[in-house]
Asker: 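Once you've had a glance at the structure underneath, I'll fire off some questions.
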Amino acid sequence: MTPIELYNTLSRRKETFVPREPGAVDIYVCGVTTYDQSHLGHARPAVVFDCLRRYLRLKGYRVRLVQNFTDIDDKIIARANAEGKDPLELADFYCQEYLQNITRLGVERADIYPRVSAHIKEIIDMIAGLIERGAAYPAGGHVFFSVAAFPEYGKLSNQKLEELESQGSGAGDEEQYKRHPVDFALWKAAKPGEPAWDSPWGKGRPGWHIECSAMALKYLGNGFDIHGGGMDLVFPHHENEIAQSEAYTGKAPFARYFLHNGLVTVNGEKMSKSLGNFVSIDEALARYPAELWRYFILSSHYRSVLDFEEERLEAAHKAWTRLNRAVWDLEEAGVQPDWPGLAAVWAGMETAQNNQGTELESAVYAAARRLDEALANDFNTPAAMAVLFELLPAIKVDGRPQRGLAPALGFLKEVLSDLLGVLAPAKPGGVNDALAEGLLRLLVELRAEARKKKDWTTADRIRDGLARLGVKLEDTPEGTRWTIS
RNA sequence: GGCGGCAUAGCCAAGUGGCUAAGGCGGAGGUCUGCAAAACCUCUAUUCCCCAGUUCGAAUCUGGGUGCCGCCUCCA
């Protein structure tokens with residue numbers, strides 16, 4: 001079994017992955033602030049960490065995944081006020097929307113989806129603890145984290161306090177209460193018309209960063225394994241989480257590995273709600289199946305920028321169809337999958353099979369191992385995809401039974417479906433209406449007769465006519481098959 | 001200004017010092033075919049943004065430069 005290496009933002013290099021506890025991986029991924037529709041920029045980390053989680057499980061780890069919802073925030077309040085709605089109801093609406101969308105994207109549910117609004121007590125306790133330890137101070141109804149109390153501040157984003165200081169965020173009515181310009185709010189004093197909770201410092205609500213620290217510590221404890229999120233969260237969000245958490249527990253590290261996915265861009269510009277250039281998951285799924293979007297996302301390395309571009313999507317669609325077709329062809333030929341499973345192969349329990357099999361069989365086992373090598377190398381999904389494409393030429397269904405086809409089908413199905421989640425649910429071509437199917441069959445039969453009589457005009461007329469209706473006919477030696485787009 | 005990342009074929013994209021620089025899309029040719037489609041086969045970067053350096057050996061390491069992107073205000 002190939003040991004896993006992951007790029008850790010903390011050290012800015014790849015490290016061999018050693019979990020806190022052997023055989024178990026605890027992951028906290030920063031979720032969304034729920035004030036608007038979720039878009040492809042949110043789909044990326046959801047899909048990437050979903051897939052990473054599946055991979056880790058196949059490697060034999062028990063994986064626990066926690067992903068938060070930030071359902072209290074300035075933007076939510078602003079949006080709710082603008083629409084005359086209750087902030088928490090608005091947030092709940094978009095929580096549901098997000099969950100539905102990522103479920104449609106084939107993302108398995110996290111073990112826990114904690115919400116800020118349900119963890120006010122934990123947050124208040126943590127803030128109180130930070131004040132006790134001298135790492136935070138109340139002022140003007142707010143509570144601020146004191147960066148002066150945390151000498152390691154800046155270690156994640158590699159920033160010097162003096163540099164940050166010279167920048168100064170400037171605006172905001174809280175600034176006047178800060179002792180240091182880089183200090184940030186743990187608790188914000190309530191303004192009229194805002195959701196507020198009682199606290200030792202008066203009515204108010206949590207600041208932006210504290211919730212993740214409080215909830216991660218509650219559910220995963222200090223020193224958990226992987227903390228994930230988008231590249232744009234490195235600073236200040238994750239930097240501040242580290243500061244709060246480590247100042248609170250007195251122990252480092254808060255999380256052992258920080259993994260950050262690259263951003264999604266549109267024409268080279270970051271996709272974001274504020275720029276208004278986003279493609280919502282809803283729109284995306286209306287155009288292409290979820291499995292294709294997963295393929296598109298996983299065909300770039302998770303840390304690189306992923307540019308959303310029409311041409312690339314079409315290229316991905318063709319490549320993706322080829323992978324799926326390999327499975328359909330095998331199934332159509334009546335091949336029954338026979339495969340011990342990736343977990344067994346990777347664990348080295350199937351070595352005996354490697355040598356006694358046919359050429360194709362050993363190619364499949366070799367591909368399985370190369371797939372592991374690719375993914376173990378900082379979760380290199382594009383390299384993993386290449387392994388699959390390299391195997392395709394070896395898989396030929398030519399009518400004659402071939403011994404390696406059964407493991408090939410089993411391998412492909414497990415990788416495409418269980419690991420990557422990119423296997424199209426069903427071969428296109430299904431007609432959901434008995435009448436339509438009957439008519440289609442009749443036309444194909446009529447065309448076959450015309451072709452027999454070399455009446456190409458009629459044959460082409462049927463084919464062209466169906467093409468206009470979105471039904472593609474393909475003549476193969478085994479007969480005509482149709483696919484509906 | 002500070003911090004971080006990226007630059008590899010027409011496009012996308014792997015490449016963690018050393019066999020002929022993965023793979024996908026596109027393109028060219030071919031097999032098959034009434035034609036088409038699909039599938040399959042073959043070909044498609046003497047060279048990795050530029051300049052120095054380290055090394056027997058560099059796309060890969062170091063320094064400098066150029067260009068693009070992100071963060072430093074809310075962001076996945």
Side-chain angles (χ1 to χ4, degrees), chain A residues 5 7 9 12-14 29-33 35-36 38-46 48-49 67 70 73-75 78 154 156-160 162-172 182 208 228-237 239 260-265 268-275 278 295-296 299-301 303-307 309 311-323 325-326 329 370 374 377-378 380-390 392-393 396-398 451 454-456 459-460 463-464 467 472-477 480-481 483:
Chain A
E5 299 223 315
Y7 182 91
T9 307
R12 284 178 292 283
R13 63 174 166 226
K14 259 185 247 178
V29 176
C30 278
V32 290
T33 301
Y35 71 94
D36 203 346
S38 48
H39 57 73
L40 290 177
H42 304 116
R44 188 175 194 190
V48 163
F49 286 101
Q67 184 178 21
T70 299
D73 157 275
D74 293 352
K75 287 204 166 180
L156 179 71
S157 56
N158 200 27
Q159 310 254 17
K160 290 190 186 71
E162 309 87 73
E163 286 297 339
L164 292 167
E165 194 176 339
S166 67
Q167 280 310 303
S169 49
V182 185
W208 177 33
M231 216 76 105
D232 52 352
L233 295 181
V234 174
F235 189 89
H237 189 55
E239 191 71 68
H260 292 104
N261 62 273
L263 302 179
V264 178
T265 60
E269 251 193 348
K270 177 178 174 178
M271 177 181 288
S272 73
K273 293 172 190 172
S274 22
L275 286 172
F278 65 90
Y295 176 89
F296 179 71
S299 62
S300 273
H301 184 87
R303 281 195 289 119
S304 60
V305 172
L306 176 60
D307 196 45
E309 207 187 335
E311 285 172 23
R312 297 196 48 198
L313 209 54
E314 280 162 30
H317 189 222
K318 287 188 178 159
W320 171 78
T321 304
R322 259 184 78 203
L323 285 176
R325 189 177 287 278
D329 286 353
R370 284 200 293 139
N377 179 14
D378 196 25
N380 194 335
T381 50
M385 305 266 199
V387 171
L388 300 180
F389 282 106
E390 279 171 347
L392 288 192
K396 266 171 289 194
V397 184
D398 57 2
R451 291 181 69 218
K454 297 196 189 295
D455 178 4
W456 310 128
D460 290 348
R463 187 173 59 194
D464 295 344
K472 194 160 88 175
L473 296 189
E474 290 170 14
D475 299 322
T476 72
T480 301
R481 72 175 170 200
T483 47

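Owing to the predicted nature of the structure, the values given are computational and were not obtained by experimental measurement. By convention in this document, chain letters (A, B, ...) are assigned in the order of the sequence lines, proteins followed by strands, and residues within each chain are numbered from 1.
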Asker: What residues form a side chain to side chain contact (heavy atoms under 4.5 Å, CB included) with A:Lys273, not counting sequence neighbours?
Answerer: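 Listed in chain order: A:Tyr35, A:Asp36, A:His39, A:His42.
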
Asker: Mind checking the C1' distance from B:U54 to B:A9? Whole angstroms is fine.
Answerer: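 After rounding to an integer number of Å, I get 30 Å for this pair.
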
Asker: Using OP1 and OP2 only, check whether a side-chain N or O of A:Ser300 sits under 4.0 Å from B:C12.
Answerer: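 The answer is no; no side-chain N or O of A:Ser300 sits under 4.0 Å from OP1 or OP2.
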
Asker: How far does the P atom of B:U20 sit from the matching atom of B:A7, given to the nearest Å?
Answerer: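 Here B:U20 and B:A7 have their P atoms 24 Å from each other.
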
Asker: Which whole number of Å gives the distance between the P atom of B:C40 and that of B:G24?
Answerer: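 These two P atoms come out 10 Å apart once rounded.
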
Asker: Report the base-pairing partner of B:C35 (Watson-Crick or G-U wobble, both distances below 3.5 angstrom), or none.
Answerer: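 B:C35 is paired with nothing.
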
Asker: Which nucleotide, in any strand shown, forms a Watson-Crick or G-U wobble pair with B:A58, with both distances under 3.5 Å?
Answerer: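 Across all strands, not a single nucleotide pairs with B:A58.
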
Asker: Rounding to a whole Å, what distance do you find between A:Glu5:CD and B:A14:P?
Answerer: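 My rounded result for the distance is 18 Å.
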
Asker: Just the table, please: protein N/O against nucleotides 5-7 of chain B N/O, every pair under 3.5 Å.
Answerer:
none

Asker: If I take atom CZ in residue A:Arg312 and atom P in nucleotide B:A14, what distance separates them, rounded to the nearest angstrom?
Answerer: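 In whole Å, B:A14 P and A:Arg312 CZ are 9 Å from each other.
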
Asker: Mind listing the N/O atom pairs, protein and nucleotides 29-36 of chain B, below 3.5 Å?
Answerer:
| unit_1 | atom_1 | unit_2 | atom_2 | d |
| --- | --- | --- | --- | --- |
| B:G34 | O6 | A:Arg447 | NH2 | 3.4 |
| B:G34 | O6 | A:Arg451 | NE | 3.4 |
| B:G34 | N1 | A:Asp460 | OD1 | 3.0 |
| B:G34 | N2 | A:Asp460 | OD2 | 2.8 |
| B:C35 | O2 | A:Arg463 | NH2 | 2.6 |
| B:C35 | N3 | A:Arg463 | NH1 | 3.0 |
| B:C35 | N3 | A:Arg463 | NH2 | 3.2 |
| B:C35 | N4 | A:Asp475 | OD2 | 3.0 |
| B:A36 | N6 | A:Asp475 | O | 3.0 |
| B:A36 | N1 | A:Asp475 | N | 3.0 |
| B:A36 | N3 | A:Arg463 | NH1 | 2.9 |

Asker: Return the pairing partner of B:C3 with a 3.5 Å limit on both distances, Watson-Crick or G-U wobble; otherwise return none.
Answerer: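 Pairing partner, where one exists within any strand: B:G70.
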
Asker: For the C1' atoms, the ones on B:U66 and on B:A52, what distance do you get once it is rounded to whole angstrom?
Answerer: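 B:U66 and B:A52 have their C1' atoms separated by 15 Å.
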
Asker: Between B:U73 and B:A21, how many Å separate the two C1' atoms, rounded to a whole number?
Answerer: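 One C1' to the other, the span is 44 Å.
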
Asker: Quantified in whole Å, what is the C1' atom distance between nucleotide B:U46 and nucleotide B:C41?
Answerer: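 It comes out at 26 Å once rounded to the nearest Å.
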
Asker: Can you tell me how far C1' in B:A45 sits from the matching atom in B:G27, rounded to whole Å?
Answerer: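 B:A45 and B:G27 have their C1' atoms separated by 15 Å.
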
Asker: Indicate the atoms forming the closest heavy-atom contact of A:Leu233 with A:Cys30, along with that distance.
Answerer: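 Shortest heavy-atom contact: CD1-CB, 3.6 Å.
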
Asker: Is a salt bridge present between A:Glu5 and A:Lys14, judged by a nitrogen-to-oxygen distance below 4.0 Å?
Answerer: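 No, A:Glu5 and A:Lys14 are not salt-bridged.
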
Asker: Could you tell me which residues satisfy ring pair (Phe, Tyr, Trp, His ring centres under 6.0 Å) with A:His237, sequence neighbours excluded, listed by chain and number?
Answerer: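 Testing A:His237 for ring pair (Phe, Tyr, Trp, His ring centres under 6.0 Å), a comparison that skips the adjacent residues, returns A:Trp208, A:His209.
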
Asker: Sequence neighbours excluded, which residues qualify as side-chain hydrogen bond (donor to acceptor under 3.5 Å, both in side chains) partners of A:Ser38?
Answerer: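 Only A:Glu97, A:Asn101 meet the side-chain hydrogen bond (donor to acceptor under 3.5 Å, both in side chains) criterion with A:Ser38.
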
Asker: Can a cation-pi geometry be assigned to A:Arg303 and A:Tyr7, taking NZ or CZ under 6.0 Å from the six-membered ring centre and within 45° of the ring axis?
Answerer: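 That pair qualifies as a cation-pi contact.
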
Asker: List, with names and distances, any nitrogen or oxygen atoms from the protein found under 3.5 Å away from nitrogen or oxygen atoms belonging to nucleotides 19-24 of chain B.
Answerer:
| unit_1 | atom_1 | unit_2 | atom_2 | d |
| --- | --- | --- | --- | --- |
| B:A22 | O3' | A:Glu390 | OE2 | 3.3 |
| B:A22 | O2' | A:Glu390 | OE2 | 2.6 |

Asker: Taking only the P atom of each, what is the distance from B:U42 to B:C50 in whole angstrom?
Answerer: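 It works out to 32 Å between them.
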
